[in-house]
Chemist: 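The following block contains the structure, expressed as structure tokens.
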Protein chains: 2
Amino acid sequence: MPEMTIKELARICGVAVSTVSRAMNDRSDVNPETRARIRAAAAQYGYVPNSSARRLKIGTTKTISVFIQGEFGQLLVEVLQQLELAFAQAGYDTTISHVADPEHANAGTVERIVREGKFGGVVFLGRYGSADREASAQLSRRLAEIDVPMVFCTTPDYSGTAALHSSISVDDHAGARELTAHLAALGHRRIAFVGAGAEPDREHAWALRLAGYRAGLKDAGIAPDDALVVASAVEEQAYTMRNGYESVSRWLTTAPKDVTALVAVCDAAAIGASRALSEAGLSVPADVSLVGFDGLDIANYFVPRLTTIVQPVPEIAQSTARVLLATMDEPGRAIEQVWIRGRLVPGDSVRALT
Amino acid sequence: MPEMTIKELARICGVAVSTVSRAMNDRSDVNPETRARIRAAAAQYGYVPNSSARRLKIGTTKTISVFIQGEFGQLLVEVLQQLELAFAQAGYDTTISHVADPEHANAGTVERIVREGKFGGVVFLGRYGSADREASAQLSRRLAEIDVPMVFCTTPDYSGTAALHSSISVDDHAGARELTAHLAALGHRRIAFVGAGAEPDREHAWALRLAGYRAGLKDAGIAPDDALVVASAVEEQAYTMRNGYESVSRWLTTAPKDVTALVAVCDAAAIGASRALSEAGLSVPADVSLVGFDGLDIANYFVPRLTTIVQPVPEIAQSTARVLLATMDEPGRAIEQVWIRGRLVPGDSVRALT
DNA sequence: CTGAAAGCGCTTACAG
DNA sequence: CTGAAAGCGCTTACAG
């Protein structure tokens with residue numbers, strides 16, 4: 001196919017290029033018959049407008065870019081699908097910008113948004129920024145200076161004291177608190193948390209979930225015990241089976257023997273933890289109860305079925321789309337922080353002690 | 001940031017736009033000092049060339065598009081990451097085109113490639129086309145007419161008798177054959193296959209794996225038995241836990257009682273199968289042995305650890321990159337079909353009967 | 001409702 | 001090594 005241009009099509013149809021342009025773009029100021037004739041010819045000859053030329057003129061596009069950094073699991077894939085759907089319904093194309101190497105891509109990420117620049121809006125999905133707090137905060141601030149509507153989905157805004165961006169996430173704190181309360185209600189008092197980061201933090205999912213766990217303990221009148229907070233062994237891949245496995249394996253050598261339940265930072269970590277327990281001769285839930293967070297498919301198929309908080313993927317995606325589209329319509333719009341409650345789904349991984 | 005243009009930067013530097021262009025594109029015919037000066041100014045003022053304008057002039061870009069259709073799991077994510085890496089090393093950007101709805105996007109997919117047109121190359125990752133055989137074959141043929149180098153990774157070329165596209169995959173047939181031989185060597189004779197499609201097929205992964213299973217039975221002198229071929233209950237999501245679960249649950253009501261082992265079409269299906277077995281009071285591997293295919297993380301963390309064929313992700317990605325880049329260099333290049341052997345990794349899900 | 005013309009920001013022969 | 005100029009394919013005021 002020799003890539004027909006608007007000029008050739010105009011010649012074939014015996015009209016001016018401007019008329020072809022109007023017909024192709026469904027402008028009202030074209031004779032319906034002319035338009036039909038041009039569109040028929042376009043279909044026949046396989047004419048497709050050159051999007052680069054178009055973009056160069058227009059400046060902006062009906063395209064929303066979703067940024068994903070580093071590894072991404074089932075959860076993000078699901079959110080992504082639903083986002084694409086929601087944007088498509090609003091007449092926007094979705095393009096995925098995957099930043100493979102999170103550590104070296106911060107400046108690059110920003111630069112790319114500015115350069116390609118022509119996105120109607122941008123979603124940051126999952127984590128973003130680097131492990132370094134200050135660098136992440138700086139990135140967040142630089143992003144805020146760019147004149148493109150953006151929202152953070154499933155990842156917090158690290159800007160610092162004042163939030164600079166809209167964000168939508170599951171309510172990590174409330175979820176972990178509920179899981180902990182659930183365990184306490186079943187008689188557990190010695191409950192550990194698996195997957196804490198090294199530095200204090202109050203924005204990452206692990207930190208919010210850890211805080212929720214602590215709040216849950218407090219609700220139940222249980223004194224916190226640092227020996228029950230299991231640090232991530234593989235911090236740069238905190239939300240993985242491997243981290244759950246290695247963290248718990250290491251911790252078990254010195255763990256208090258009276259622990260009866262584990263709250264894992266996520267389902268994947270819970271599954272890794274389960275293997276570590278099994279290798280240590282401990283069975284779930286007979287010897288130790290175990291809960292996860294996220295509600296992945298695997299939580300439902302794992303043996304035993306994992307008690308977990310199911311992330312409300314449809315609501316998260318819909319809220320994200322709603323906030324972004326609203327901001328695109330009304331650029332000066334106030335930023336919005338949305339926390340959506342997940343649903344606790346009991347499995348077979350928790351034993352009642354009472 | 002007011003989006004500086006080449007013209008403004010040229011004025012600031014006191015040179016012609018053509019000189020700026022040469023400096024930014026690292027052409028040899030610029031005075032090194034001039035170039036340094038211009039680049040410094042570009043950095044200082046945050047000038048980034050407008051990619052649309054550039055594309056419009058150049059016609060083609062240093063960008064490779066990876067197409068992913070429908071749902072995608074951990075395996076494709078891993079391949080994707082490695083592809084991005086390989087392309088980056090060759091100086092190419094990677095962009096992901098996710099086609100959310102596989103059934104309705106065939107024509108759209110093609111059109112999009114043609115329209116955006118300016119990709120240096122295209123990779124189809126995972127499945128592509130629709131469930132309908134003829135539609136897929138037609139799509140494959142239409143793709144072959146487009147003047148963009150493309151390769152199929154982890155998905156077959158459905159063109160028909162003569163292959164029209166290069167493709168790279170794990171050797172599904174050899175892998176399933178090896179798994180079956182492995183079971184037979186441990187004394188299993190009544191071995192079932194979980195996840196067969198309804199229509200005869202010789203290109204999809206399930207069909208190749210089913211054929212490999214049959215070859216493995218034959219190698220071991222075991223007569224095939226149709227009652228041991230478990231049809232997919234959820235055919236449009238064949239490679240999922242849900243399909244493994246529902247297929248085996250349904251089949252168990254009428255399954256021969258003497259089955260001692262299951263070959264699942266993939267790890268996810270194996271995990272689903274495991275739950276179905278467990279609900280029927282059958283334990284893995286004490287009552288039934290179970291093997292998967294793919295080598296996902298979960299195979300290694302599941303209890304019991306799953307015996308499986310590990311997909312050689314690095315080799316698959318590297319071969320894909322190599323073939324695509326070679327085709328881009330040499331457009332008339334012969335197509336190439338690469339089948340890479342996976343590695344059988346024994347877990348704890350198989351019991352020796354002898 | 002339609003056409004002629006300017007111009008989006010860049011690259012690349014063509015002269016010097 | 002550098003500059004002036006043409007032109008990539010489109011859209012959009014501006015006239016009619």
Side-chain angles (χ1 to χ4, degrees), chain A residues 1-39 41-42 45-63 111-112 114-120 147, chain B residues 1-39 41-42 45-63 93 111 114-120 147:
Chain A
M1 268 179 263
E3 288 284 325
M4 167 174 286
T5 70
I6 195 174
K7 214 163 148 187
E8 299 173 274
L9 188 65
R11 196 180 44 67
I12 288 171
C13 294
V15 296
V17 293
S18 41
T19 305
V20 174
S21 173
R22 282 188 276 255
M24 295 306 292
N25 290 295
D26 265 328
R27 316 281 298 207
S28 55
D29 52 351
V30 208
N31 184 313
E33 283 176 21
T34 315
R35 194 184 63 190
R37 192 159 51 87
I38 291 172
R39 297 210 134 213
Y45 293 95
Y47 166 69
V48 186
N50 179 312
S51 59
S52 298
R54 175 149 217 237
R55 202 164 313 177
L56 178 56
K57 273 306 285 186
I58 305 272
T60 182
T61 55
K62 292 283 259 184
T63 299
E111 186 195 321
R112 189 157 162 184
V114 176
R115 180 179 60 202
E116 307 270 338
K118 318 301 183 188
F119 295 129
D147 190 24
Chain B
M1 269 181 263
E3 289 281 326
M4 166 173 289
T5 68
I6 195 173
K7 215 163 148 185
E8 299 172 273
L9 188 64
R11 196 179 44 66
I12 288 170
C13 295
V15 296
V17 293
S18 42
T19 304
V20 174
S21 172
R22 282 187 277 254
M24 295 307 292
N25 289 295
D26 264 329
R27 316 280 299 205
S28 54
D29 52 350
V30 207
N31 185 312
E33 283 175 21
T34 315
R35 194 183 62 190
R37 191 159 51 85
I38 293 172
R39 297 209 135 215
Y45 293 95
Y47 166 68
V48 186
N50 178 311
S51 59
S52 298
R54 175 151 217 231
R55 203 165 312 178
L56 179 57
K57 272 307 284 185
I58 304 271
T60 183
T61 54
K62 294 283 260 182
T63 299
D93 277 342
E111 186 196 320
V114 176
R115 180 178 62 201
E116 307 271 339
K118 316 302 182 189
F119 295 129
D147 192 24

Chemist: Where is the tightest heavy-atom contact between B:Cys13 and B:Ala41, given as atom of each residue plus distance?
Modeler: SG-CB, 3.6 Å
Chemist: A:Arg54 has an atom CZ; how far is it from atom P of C:dG9, in whole Å?
Modeler: 17 Å
Chemist: Any side-chain N or O of A:Arg27 under 4.0 Å from OP1/OP2 of D:dT12?
Modeler: yes
Chemist: What is the separation between atom CD on B:Glu8 and atom P on C:dC10, rounded to the nearest whole Å?
Modeler: 9 Å
Chemist: Mind checking who C:dC1 pairs with, Watson-Crick or G-U wobble, both distances under 3.5 Å?
Modeler: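 Its partner is D:dG16 (Watson-Crick or G-U wobble, both distances under 3.5 Å).
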Chemist: Taking A:Arg39 for its side chain and A:Ala23 for its backbone only, find out whether a donor-acceptor pair lies under 3.5 Å.
Modeler: yes
Chemist: Check whether the side chain of A:Ser18 and the base of C:dA5 form a donor-acceptor pair under 3.5 Å.
Modeler: no
Chemist: In whole angstrom, what separates B:Asp26's CG from C:dC10's P?
Modeler: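 Going from CG in B:Asp26 over to P in C:dC10 covers 16 Å.
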Chemist: I'd like the P distance from D:dA13 over to D:dG9, given in whole Å.
Modeler: 23 Å
Chemist: Could you tell me whether a side-chain N or O of B:Asn25 sits under 3.5 Å from a main-chain N or O of B:Arg27, the two making a donor and an acceptor?
Modeler: no
Chemist: Heavy atoms, side chains only, cut-off 4.5 Å: are B:Val30 and B:Thr19 in contact?
Modeler: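 Yes, side chains in contact.
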Chemist: Can you check the A:Ile38 CD1 to D:dC10 C1' distance for me, whole Å?
Modeler: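 About 15 Å, once rounded to whole Å.
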Chemist: Need one value for A:Arg35: base, sugar-phosphate or nothing, where a base atom within 4.0 Å counts as base even if backbone is also close, heavy atoms only.
Modeler: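 Touches nothing.
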Chemist: Counting only side-chain heavy atoms from C-beta out, which of C:dT11, D:dT2, C:dT2 sits nearest to B:Thr19?
Modeler: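 Nearest listed nucleotide: D:dT2.
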Chemist: CD1 of A:Ile12 to CD1 of A:Ile38: how many Å apart, nearest 0.5 Å?
Modeler: 11.5 Å
Chemist: In whole Å, I'd like the distance from the CG atom of A:Leu56 to the C1' atom of C:dC8.
Modeler: 4 Å
Chemist: Examine D:dT2: is either OP1 or OP2 under 4.0 Å from a nitrogen or oxygen in the side chain of B:Thr34? Give yes or no.
Modeler: yes
Chemist: Which part of the nucleic acid, if any, lies within contact of A:Ile58, taking any heavy atom under 4.0 Å across all strands shown: a base, the sugar-phosphate backbone alone, or nothing?
Modeler: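 Contact class for A:Ile58: sugar-phosphate only.
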Chemist: Could you say whether B:Lys57 or A:Lys57 is positioned toward the 5' end of DNA chain D, judged by the nucleotide with the nearest heavy atom to each?
Modeler: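 The residue closer to the strand's 5' end, by nearest nucleotide, is B:Lys57.
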Chemist: Let's see if you can work this out: which of D:dG3, C:dT11, C:dT2 has an atom nearest to the side-chain heavy atoms of B:Val15?
Modeler: D:dG3
Chemist: Does A:Asp29 reach a base, just sugar-phosphate, or nothing at all? Heavy atoms under 4.0 Å.
Modeler: base
Chemist: Within this structure, what is the CZ-to-P distance between B:Arg11 and D:dT2, rounded to whole angstrom?
Modeler: 20 Å
Chemist: For A:Asn50 and D:dC8, is the shortest distance between a side-chain N/O and OP1 or OP2 below 4.0 Å?
Modeler: no
Chemist: For A:Arg22 and C:dC1, what is the distance between atoms CZ and C1' respectively, to the nearest whole Å?
Modeler: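 About 8 Å, once rounded to whole Å.
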Chemist: Please state whether the base of D:dG9 and the side chain of B:Arg55 form at least one donor-acceptor pair under 3.5 Å?
Modeler: no
Chemist: To the nearest 0.5 Å, tell me how far A:Leu56 CG sits from B:Arg55 CZ.
Modeler: 11.0 Å
Chemist: Between B:Val17 and A:Ile6, just flag the one whose closest nucleotide in DNA chain D comes earlier from the 5' side.
Modeler: B:Val17
